[in-house]
Each structure stands twice: as C-alpha cells, then as structure tokens.
Number of protein chains: 2
Amino acid sequence: MFFLKNLPSRQMVEGYSDRFEGVDVGNVMDALDLMRKASLLIRELEAYFADHGFSQLRFLTLVVIDREPDRSSLMAGEVADRLDVSKPVVTRVLRSLESANLISIASSSDDARSREISLTAAGQAKLAEIMPGYFSILNRAMSSAKADS
Amino acid sequence: MFFLKNLPSRQMVEGYSDRFEGVDVGNVMDALDLMRKASLLIRELEAYFADHGFSQLRFLTLVVIDREPDRSSLMAGEVADRLDVSKPVVTRVLRSLESANLISIASSSDDARSREISLTAAGQAKLAEIMPGYFSILNRAMSSAKADS
DNA sequence: CTCCTATAGTTAGCATGATAACTATATCCG
DNA sequence: CGGATATAGTTATCATGCTAACTATAGGAG
C-alpha cells in the first residue's frame with residue numbers, strides 16, 4: 001500500500017528527476033497521487049468491511065462467484081484468476097469463508113484435484129447486506145475526488 | 001489491495017446500483033479502475049524493490065527521513081505520521097532497517113520515550129541505488145496509462 | 001501401459017497493514 | 001509534591017499479499 005501523507009512537491013521531484021533521463025515530473029506526481037488516493041480508498045473500504053466483520057478480499061471472493069454468468073460455482077483456480085491474486089491467498093480465504101458458512105466447497109467430479117466453490121444462502125445474504133454501503137463509499141470517494149480536481 | 005481482473009461492465013454496475021439511491025455508475029467504475037491501476041503499480045514496484053532486497057515501505061521510510069528539511073533525523077512517531085501508517089508498522093520496519101545498518105536509532109535526550117532515527121551512509125547509498133528505477137517505473141506507468149485513455 | 005511433465009491446490013514462511021493492550025515516561029492539576 | 005492523565009513506542013495477534021516447495025492427480029508421449 002502507499003499512504004505517504006505529503007506527496008513530494010513538484011520542485012522536490014524535479015530536484016530528483018533531473019538526474020534521471022526521460023522522466024517526466026508530471027507523470028511521477030500523478031503516479032504517487034494515484035497510489036495514495038487508491039490506498040486511502042482501500043483503507044476506508046476495509047474499515048467499512050471490518051464493521052461488518054468482513055474484508056474486501058472476502059467480499060470480492062463472493063462477488064466473483066455470484067456474478068459468473070450461467071454458472072453457480074467456480075473452481076478455486078478460477079477464483080484466483082478473477083481476483084488476480086496468488087493461489088495460497090485464495091486457499092486461505094476460501095477456508096475462512098467456508099468456516100463462516102458463506103460458501104461451500106466440493107471436489108470436482110471431473111478432476112479430483114479441483115474444488116468447486118459455490119455461495120450458500122448466507123453468502124448471498126451477506127453480499128446483499130454489504131453491497132449498498134460499498135457502492136456508496138465508491139460513489140462518494142469519486143464525487144469528492146472530482147470536486148477536488 | 002485490489003486486483004480484481006475484470007472490472008464490472010457499466011451494464012453490470014447499472015444492474016446493481018439502480019437499487020442504491022444516489023449512486024452514479026461512472027463514479028463507481030472510476031473508483032474501481034483507480035484501485036486496480038494503483039494496486040497493479042504497487043505490485044510492480046514491490047517486485048522492483050524485491051529485486052533490490054527491499055520494499056516500498058522500507059524505501060519510503062528512508063525517503064521521509066532523508067528529505068526532511070533542515071534536520072538529519074526524525075522521531076519514530078514523526079516517521080509514522082509522514083508515512084501515514086500505524087506505529088507498530090514503523091516499529092517493525094525501523095528495527096529491520098537498523099539490523100541492515102541502513103538507519104541508526106538513538107534515544108532522545110529531551111524525552112526518554114522518544115527515539116531519533118537517522119540514515120547511515122549505507123542508507124543514503126541504498127536510496128541512491130534504488131531511486132532511479134523507482135522514478136522510471138512511476139514515469140512509465142503514467143505514460144502508458146495516459147496513452148490508454 | 002508406463003513414465004514424465006503439467007496442473008490444482010496446499011503448506012510454510014516472510015513482510016506489511018490493522019487493532020488492542022501493554023510498559024515507560026512526561027506533564028499537569030490539586 | 002503526589003497522583004492522574006496523556007503520550008511514545010512496544011508487543012501480541014490477526015488478515016492479506018507474496019514466493020518457494022510440496023502433494024496429489026491428470027494427460028500425453030513413447
């Protein structure tokens with residue numbers, strides 16, 4: 001994450017980047033700004049999820065399973081692929097969601113190595129509970145970012 | 001972090017957000033896009049830092065001490081403040097940097113609770129080693145982001 | 001048919017974010 | 001001056017990101 005509170009001034013970046021060929025100061029500042037804004041938003045979202053005894057990772061894990069068109073389950077590897085995180089991260093979060101009865105995990109009849117993940121009714125309900133606040137925070141974050149520009 | 005690979009389509013977000021009062025679909029999509037772009041950039045930076053046996057947190061810790069005007073040291077609490085992370089995170093990273101002889105930690109003569117953190121010559125050298133690549137990645141990330149828009 | 005390579009997922013360990021609870025020290029008020 | 005409150009930093013614990021190494025299973029080639 002990136003929470004550096006005072007992003008460097010243009011002058012400070014210029015002082016550094018003059019020594020580095022082909023570096024545009026505006027790009028550097030925009031990149032730092034992007035990372036900070038996103039990290040602050042993620043922190044705010046995590047706090048919101050924590051109030052619901054949840055996290056963004058768990059939430060998104062339910063989302064990618066729930067929204068898959070024409071299917072009611074995903075393989076664990078597909079979950080990792082859609083979340084774009086490493087497999088051990090998915091192994092752990094699936095175990096935790098299973099313990100909380102929000103998903104169920106079944107071995108695949110096609111391939112004994114694979115596990116099929118589907119949402120339980122409680123998982124659907126948890127998604128429905130959390131979704132409105134999530135959208136509100138995303139909406140508000142961008143509204144005030146646009147007002148600040 | 002937020003690495004969701006396929007951000008929802010406008011249609012999909014509309015399907016959800018119609019149920020939530022006052023939520024602008026464009027804002028939601030922009031927020032998701034912001035988080036993903038920043039998370040990918042942070043991931044790329046962490047990979048760059050890992051190649052140098054380092055991390056962005058350690059790097060920024062050295063940076064905030066090095067760039068403080070008119071001072072050659074910061075208190076640990078000031079480091080936490082400037083990085084905008086919790087104090088235990090700073091306690092740990094300072095210990096790790098001290099073990100690597102990149103900083104030195106002294107008790108404050110003013111206040112026995114406080115610790116004064118300053119860079120060693122090796123710390124300065126590490127910063128100089130890493131800085132160019134850091135700027136390059138930030139620059140390139142924003143150049144291609146702008147090209148994609 | 002057997003063996004080798006590839007793949008799905010797990011385990012171990014590390015670093016970084018957080019909160020809660022703690023210790024040691026400083027300061028202020030009565 | 002002493003006690004209560006506040007502050008600086010530490011320790012413990014949990015969750016999430018990663019890489020490396022592992023186990024079990026699948027598939028393909030000879």
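The structure presented is a predicted model; accordingly, all values stated were derived computationally and were not measured.
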Nearest of C/dG17, C/dT25, D/dG17 to any side-chain atom of A/Val89?
-> D/dG17
In terms of side-chain heavy atoms of B/Ser86, which of C/dT16, D/dG9, C/dT19 is nearest?
-> C/dT19
Whole-Å distance separating the CZ atom of A/Arg113 from the P atom of C/dA8 = 6 Å
Between C/dG9, C/dA18, C/dT25, which nucleotide gets closest to the side-chain atoms of A/Ser114?
-> C/dG9
Any idea which of D/dT16, D/dT11, C/dA24 is nearest the B/Thr91 side chain?
-> D/dT11
For the side chain of A/Ser55, starting at C-beta, report the closest nucleotide among D/dT16, C/dT25, C/dA6.
-> D/dT16
Assess the side chains of B/Tyr48 and B/Gln56: does a donor N or O sit below 3.5 Å from an acceptor N or O?
-> no
Rounded to whole Å, the CD-C1' distance (A/Glu98 to C/dG9) equals 14 Å
Atom pair distance, as rounded to whole Å: CG in A/Leu45 and P in D/dT16 = 14 Å
Output yes when A/Arg140 and A/Glu44 qualify as a salt bridge under the 4.0 Å nitrogen-oxygen rule, no when they do not.
-> yes
Side-chain donor/acceptor of B/Arg95 to base of D/dG9, under 3.5 Å | no
Among B/Val25, B/Asp24, B/Asp30, which residue meets the side chain to side chain contact (heavy atoms under 4.5 Å, CB included) test with A/Asn139?
-> B/Asp24
How close or far is atom P of C/dG17 from atom CG of A/Leu41, stated in whole angstroms?
-> 17 Å
To the nearest angstrom, how far is A/Ile105 atom CD1 from C/dG9 atom C1'?
-> 11 Å
Taking CD1 from B/Ile42 and C1' from C/dA15, how many angstroms apart are they, rounded to a whole number?
-> 15 Å
Given D/dA8, C/dG9, D/dA26, the nucleotide with the shortest approach to the side chain of A/Lys87 = C/dG9
Which whole-number value in Å describes the distance from B/Leu83 CG to C/dG17 P?
-> 9 Å
Under a 4.5 Å cut-off applied to non-hydrogen side-chain atoms, are A/Leu127 and A/Leu102 in contact?
-> no
Picking from C/dA6, D/dA15, C/dT25, the nucleotide nearest the side-chain atoms of A/Arg58 would be D/dA15
Looking at A/Phe3, is A/Arg43 sitting on its ring face, NZ or CZ under 6.0 Å from the six-membered ring centre and within 45 degrees of the normal?
-> yes
When rounded to whole Å, the CG to P distance for the pair A/Leu40 and C/dG17 reads 13 Å
Nearest-nucleotide comparison on DNA chain D, the residue closer to the 5′ end among A/Asp110 and A/Glu46 | A/Glu46
Do A/Met75 and A/Asp111 have side-chain heavy atoms sitting under 4.5 Å apart?
-> no
Of the candidate nucleotides D/dC18, D/dG9, D/dA26, which contains the atom at the shortest distance from the side chain of B/Met75?
-> D/dG9
Select from B/Gln56 and B/Pro88 the residue whose nearest nucleotide in DNA chain C is closer to the 5' end of that strand.
-> B/Gln56
Starting from the 5' end of DNA chain C, give me the residue, A/Leu94 or A/Arg43, whose nearest nucleotide shows up first.
-> A/Leu94
Do B/Arg92 and D/dG9 share a donor-acceptor pair, side chain to base, under 3.5 Å?
-> no
